[in-house]
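Atoms considered below: every heavy atom in the structure, side chains included; atoms not considered: hydrogens, waters and symmetry mates.
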Amino acid sequence: LLLAASLDVNAFDFNWSSLGWTDSDLHEHFTNVDGSGVEVTVEVSGATRRLQDRTPRLNNGLFELEPNFGHKYEEILVKFSFSEPVTVSGFDVFDIDSGAGGGSNFQDEVVITAAGGSLLPNGVTFGSNVRQASQERYDSRGSSVPDKDPRGQLTFSFDNQPITEFTIVY
């Protein structure tokens, strides 16, 4: 799972490349992001023991998670919290796909929710390999795609009402 290189927020530009991330850390706190005075906390939780390859980490400017789940009920949560309400535009999630063979059988699923405002994302677009399963849940249509292939991409916003946090469940 790869997350956007940058995040367009009403008060600032959240850019992974300029902020950084320590490989394998599950929590980072950023202060005065882009000179805005806004603090952002990013937390990774859930089945974190299943993360491999020193993830979470930054990979070519993208936030990368490499879980190897033991069963379909395991999940990783990535929560973004803001010190004041913000709007979010055009957040990208890549590599939503599925596969079978070679000892691996999986189907990616992503759930997106927020707090402090609109609870569901708006302006959602997704590639041909992704389908909307419910208002907040998106999953693979059943084929494998390369990591940054637009067919496995989901883009969403929370720009119709300010929020104080949003969570991506993978």
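- Proximity of a side-chain donor or acceptor of Ser36 to a complementary backbone N or O of Val38 within less than 3.5 Å is detected.
- Leu65 pairs in a side-chain contact (heavy atoms from CB on, under 4.5 Å) with only one of the listed residues (Thr48, Asp53, Val78), which is Val78.
- Under the 4.5 Å side-chain criterion, counting only non-hydrogen atoms from C-beta, Gln153 is not in contact with Val130.
- Side-chain contact between Leu51 and Pro56 is present, with heavy atoms from C-beta onward closer than 4.5 Å.
- The backbone N or O of Pro146 lies less than 3.5 Å from no partner atom in the side chain of Asp97, so there is not a single donor-acceptor pair.
- Below 30°, between 30° and 60°, or above 60°: for Trp21 and Phe30 the angle between ring planes is between 30° and 60°, a tilted geometry.
- Side-chain contact between Glu74 and Arg49: present, with at least one pair of heavy atoms (C-beta onward) separated by less than 4.5 Å.
- Between Val111 and Glu75, every side-chain heavy-atom pair lies at or beyond the 4.5 Å cut-off.
- When atom types are taken as modelled, the side chain of Thr41 and the backbone of Ser81 share no donor-acceptor pair closer than 3.5 angstrom.
- In this structure, CD1 in Ile76 is found 4.5 Å from CZ in Phe69, a value given to the nearest 0.5 Å.
- Remark: side-chain polar atoms of Asp159 are not paired, donor with acceptor, to backbone N or O of Val88 under 3.5 angstrom.
- Between the CZ atom of Arg57 and the CZ atom of Phe63 there is a distance of 11.0 Å, given to the nearest 0.5 Å.
- You'll find the side chain of Asn129 stays beyond 4.5 Å of the side chain of Asp149, heavy atoms only.
- Shown here is Gln135, whose CD atom has no more than 12 heavy atoms of other residues, nucleotides or ligands within 6.0 Å.
- Between Phe158 and Thr87, every side-chain heavy-atom pair lies at or beyond the 4.5 Å cut-off.
- Between Phe156 and Phe166, the ring-plane angle classifies as perpendicular under the 30° and 60° cut-offs.
- Rounding to the nearest 0.5 angstrom, the gap separating the CD atom in Glu64 from the CG atom in Asp23 is 9.5 Å.
- Cluster membership check: Tyr170 shares its hydrophobic cluster with Leu58, using side-chain heavy-atom separations under 4.5 Å among Ile, Leu, Val, Met, Phe, Trp and Tyr.
- Taking CZ from Arg54 and CD from Glu66, the interatomic distance works out to 14.0 Å, rounded to the nearest 0.5 Å.
- In plain terms, the two heavy atoms of Ser157 and Gly90 that are nearest each other are OG-N, 2.9 Å.
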> What's the verdict on side-chain contact (heavy atoms from CB on, under 4.5 Å) for Leu19 and Glu28, showing C-alpha distance, side-chain angles and the deciding distance?
Replying inline: CA-CA 10 Å; Leu19 295 170; Glu28 293 281 350; over 6 Å; no

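- Within the 4.5 Å cutoff, side-chain heavy atoms of Ile168 are placed close to those of Phe91.
- The minimum heavy-atom distance linking Ala133 with Asp139 is given by the pair CB-OD2, 3.9 Å.
- Interatomic distance, CG of Leu120 versus CD1 of Ile112, reported as 10.0 Å (0.5 Å rounding).
- Nearest approach of His29 to His27, heavy atoms of both residues: CB-CE1, 4.3 Å.
- Side-chain contact annotation: Asp92 with Thr155, donor-acceptor N/O pair under 3.5 Å present.
- With contacts defined as side-chain heavy-atom distances shorter than 4.5 Å, the pair Thr164/Pro85 qualifies.
- Leu77 and Phe94 fall into different hydrophobic clusters, where Ile, Leu, Val, Met, Phe, Trp and Tyr are joined by side-chain heavy atoms under 4.5 Å apart, directly or via other members.
- Of the inter-residue distances, the one linking Tyr138 atom OH with Asp108 atom CG reads 15.5 Å to the nearest 0.5 angstrom.
- Of all the heavy atoms in Arg151 and Ser128, the pair that sits closest is CG-OG, 3.3 Å.
- Listed by chain and number, the residues in a side-chain hydrogen bond (donor to acceptor under 3.5 Å, both in side chains) with Arg137 are Glu109 (sequence neighbours excluded).
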